[in-house]
Amino acid sequence: MSGPGSIRGSKIGSAQSHEDVRGPLAERFQVSYFCANGHETTPSFSASADPKDLPEEWACPQCGLPAGRDAATPPEPPKNVPFKTHLDYVKERRSESECEALLDEALAALRRRRGG
């Protein structure tokens, strides 16, 4: 009887390698990217890829910041912009006097409907 961790009908070392099943792996090269926290990530690219087509920035898998190819000057972390409410956007588009006029107009319409 086989143990609980074994797979029935398998033998140790019987697995085929990737190259046997799918053919040889494509030639690749690695490019180093550096983030502002000092992390280095090295994604692999196809050897046939044009270096001009490689991305200038790559997301750091450790901290999520953008990473660039120059270790001395990594990209700046993005600025966190606070969430804007609908009212914030309205205030950007209209002046204070326009807002007051619209509010007065809306209140007058509401009072007419309610008979007040």
Side-chain angles (χ1 to χ4, degrees):
M1 180 165 196
S2 61
S6 66
I7 298 174
R8 181 178 250 178
S10 66
K11 295 180 185 176
I12 294 176
S14 67
Q16 295 176 334
S17 71
H18 281 290
E19 290 188 11
D20 293 341
V21 177
R22 299 187 181 143
L25 297 175
E27 299 250 349
R28 301 191 165 274
F29 68 96
Q30 293 184 328
V31 177
S32 293
Y33 290 88
F34 305 90
C35 73
N37 287 338
H39 302 134
E40 177 183 5
T41 183
T42 54
S44 296
F45 297 96
S46 172
S48 63
D50 187 3
K52 295 183 297 186
D53 294 335
L54 297 180
E56 291 298 319
E57 290 187 358
W58 195 266
C60 177
Q62 294 175 334
C63 63
L65 292 177
R69 293 189 206 163
D70 187 9
T73 57
E76 292 291 321
K79 304 283 189 261
N80 286 336
V81 179
F83 176 77
K84 286 187 180 180
T85 64
H86 176 69
L87 183 60
D88 292 330
Y89 285 109
V90 170
K91 286 180 178 179
E92 284 180 1
R93 291 192 313 263
R94 303 193 187 272
S95 68
E96 191 72 30
S97 61
E98 290 175 319
C99 290
E100 287 177 13
L102 285 173
L103 180 61
D104 291 339
E105 185 180 316
L107 287 173
L110 182 63
R111 288 182 183 123
R112 277 194 308 273
R113 278 190 302 212
R114 291 188 175 178

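When the side chain to side chain donor-acceptor pair (under 3.5 Å) test is applied to T42, no partner is found at least two apart in sequence or on another chain. In this structure T41 satisfies the side chain to side chain donor-acceptor pair (under 3.5 Å) test with no other residue, sequence neighbours excluded. The side-chain contact (heavy atoms from CB on, under 4.5 Å) test applied to N37 returns C35, H39, C63, L65, not counting sequence neighbours.
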For residues 98-108, run the donor-acceptor check on the side chains, cut-off 3.5 Å, and write out each pair with its distance to 0.1 Å, sequence neighbours left out.
residue : atom : partner : partner atom : Å
E98     : OE1  : S95     : N            : 2.8

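Clustering of Ile, Leu, Val, Met, Phe, Trp and Tyr by side-chain heavy atoms under 4.5 Å joins F34 with none of the others.
Counting only residues at least two apart or on different chains, the salt bridge (Lys or Arg N to Asp or Glu O under 4.0 Å) pairs with a member in residues 80-97 are K84-E92. Legend: salt bridge (Lys or Arg N to Asp or Glu O under 4.0 Å) pairs involving residues 29-54, not counting sequence neighbours, sorted by first then second residue: D50-K52. Listed by first then second residue, pairs satisfying ring-ring contact (aromatic ring centres under 6.0 Å, His included) with a partner in residues 50-99 read Y33-W58, F45-W58, not counting sequence neighbours.
Taken to the nearest 0.5 Å, the OG atom of S46 stands 9.0 Å off from the CD atom of E27.
Nearest heavy-atom pair across P51 and R69 is O-NH2, 4.2 Å.
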